[in-house]
Amino acid sequence: TSNISRDLYEEMTMEQTLYAVMLESANECAYAAAEHTGQKLGGDYSTFVDLMNKTAADLGCTDTHFNNANGLPDDEHYTTVYDMYLIFQEAVKSQAFVDIIKTKSIDVTYQDANGNDVNKTWNNTNHYLTGETEAPEGITVIGGKTGTTNAAGYCLVLYSNNIKGEDIISIVYKSDGRSNMYLLMNQILSTFAN
């Protein structure tokens, strides 16, 4: 189990924590997962962040430095589209990761600070999966990760297949709005549809 908030001490499984991070961008869960993993490695939260940076470097990322586990703005936290492509390309090798990012919604039960069951439904924020945006003909969206901050704008890293069954990783960063983000993504995907 993992504590998802120092104040609330809610308890959930690591699997539930990862679903919360990937489907709903639960920043407190990203922090808890990093802290828990860092402790398992004999350290703390910063141990996990150091591991993130080492893993990125090992993947060939030359313009990436992580300073937190949740992607919130920080002058020392940055990446590029190409580096994110390298990271995501490695991540989709994990079937467990793909299973999470393709999930439309999941019902979970975890315990609150008093040990009472909390029942929630977490919904994916990816409009391709919710049906709010349609992919170009010939593209099958598998899943991805949305992200939005004032500094980064609207961002989406997407995993899909074209009509030939070829894997496609496409990325939109710094869009000025959600609808434009999907418009730009569809323009990118149209290039690979056939």
Side-chain angles (χ1 to χ4, degrees), residues 4-5 17-34 45 48-49 51-53 55-57 59-92 94 97-98 100-106 122-137 139-162 167-193:
I4 66 167
S5 170
T17 303
L18 295 176
Y19 273 96
V21 169
M22 296 305 293
L23 269 60
E24 295 215 332
S25 298
N27 294 321
E28 72 281 12
C29 290
Y31 187 96
Y45 179 81
F48 182 82
V49 174
L51 180 60
M52 290 173 64
N53 286 309
T55 301
L59 292 173
C61 300
T62 57
D63 294 306
T64 293
H65 182 267
F66 297 116
N67 213 36
N68 60 57
N70 55 24
L72 291 177
D74 183 296
D75 289 343
E76 297 300 315
H77 187 94
Y78 52 86
T79 191
T80 63
V81 169
Y82 182 69
D83 284 0
M84 186 52 58
Y85 161 77
L86 293 174
I87 294 166
F88 202 74
Q89 181 183 41
E90 184 66 22
V92 297
S94 164
F97 179 80
V98 173
I100 292 171
I101 66 170
K102 73 180 188 181
T103 300
K104 293 178 184 178
S105 70
I106 187 169
W122 292 328
N123 298 301
N124 203 313
T125 56
N126 183 334
H127 284 194
Y128 290 112
L129 296 181
T130 63
E132 295 169 79
T133 299
E134 190 174 320
E137 188 175 339
I139 296 293
T140 302
V141 171
I142 298 167
K145 178 69 183 96
T146 62
T148 307
T149 66
N150 288 338
Y154 289 81
C155 305
L156 174 60
V157 181
L158 196 68
Y159 182 47
S160 53
N161 294 130
N162 66 12
D167 290 343
I168 300 167
I169 295 173
S170 47
I171 301 170
V172 171
Y173 272 6
K174 258 189 148 8
S175 180
D176 60 0
R178 190 175 319 276
S179 60
N180 281 342
M181 177 183 72
Y182 287 103
L183 177 67
L184 290 168
M185 185 61 76
N186 275 349
Q187 290 173 346
I188 293 168
L189 291 173
S190 293
T191 306
F192 299 101

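Since the model is a prediction, treat every value here as computed from it, not as a measurement.
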(request) Answer yes or no: does atom CD of Gln187 have more than 12 heavy-atom neighbours from other residues, nucleotides or ligands under 6.0 Å? (result) yes
(message) Quick check on Tyr85: does its OH atom have over 12 non-hydrogen neighbours (other residues, nucleotides or ligands) under 6.0 Å away?
(response) no
Side-chain heavy-atom pair [X], [Y] within 4.5 angstrom cut-off:
| X | Y | value |
| --- | --- | --- |
| Asn161 | Asp167 | yes |
| Thr130 | Lys104 | no |
| Ile100 | Ile106 | no |
| Thr62 | Tyr82 | no |
| Leu72 | Tyr31 | no |
| Ile139 | Asn162 | yes |
| Asn126 | Tyr182 | yes |

(message) Could you measure the distance from the OG1 atom of Thr64 to the CG atom of Leu86? Nearest 0.5 Å is fine.
(response)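 Output value for this atom pair is 8.0 Å.
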In chain order, what residues pass the side-chain hydrogen bond (donor to acceptor under 3.5 Å, both in side chains) check against [X], with sequence neighbours excluded?
| X | value |
| --- | --- |
| Thr146 | Thr125 |
| Ser105 | none |
| Tyr154 | none |
| Ser160 | none |

(message) Please enumerate all residues that pass salt bridge (Lys or Arg N to Asp or Glu O under 4.0 Å) together with Lys102, with sequence neighbours excluded.
(response) Asp99
(message) Once salt bridge (Lys or Arg N to Asp or Glu O under 4.0 Å) is applied, do any residues pair with Glu90, and if so which ones, sequence neighbours excluded?
(response) Lys93
(message) Checking side-chain polar atoms at under 3.5 Å, does Asp63 have a donor or acceptor matched by the opposite partner on Thr80?
(response) no
Which heavy-atom pair separates [X] from [Y] by the least distance, and what is that distance?
| X | Y | value |
| --- | --- | --- |
| Thr17 | Cys29 | CG2-O, 3.3 Å |
| Pro136 | Asn186 | CD-OD1, 3.1 Å |
| Leu23 | Trp122 | CD2-O, 3.6 Å |
| Lys174 | Ala151 | NZ-O, 2.7 Å |

Does [X] reach the main-chain N or O of [Y] with its side chain, forming a donor-acceptor pair under 3.5 Å?
| X | Y | result |
| --- | --- | --- |
| Asn67 | Asp74 | no |
| Asn124 | Thr103 | yes |
| Tyr159 | Val98 | no |

(request) Evaluate ring pair (Phe, Tyr, Trp, His ring centres under 6.0 Å) for Phe88 paired with Phe97, printing each intermediate quantity in order. (result) CA-CA 10 Å; Phe88 202 74; Phe97 179 80; 5.6 Å; yes
(message) side chain to side chain contact (heavy atoms under 4.5 Å, CB included) for Thr79 and Cys61? Distances and angles first, verdict last.
(response) CA-CA 8 Å; Thr79 191; Cys61 300; 5.9 Å; no
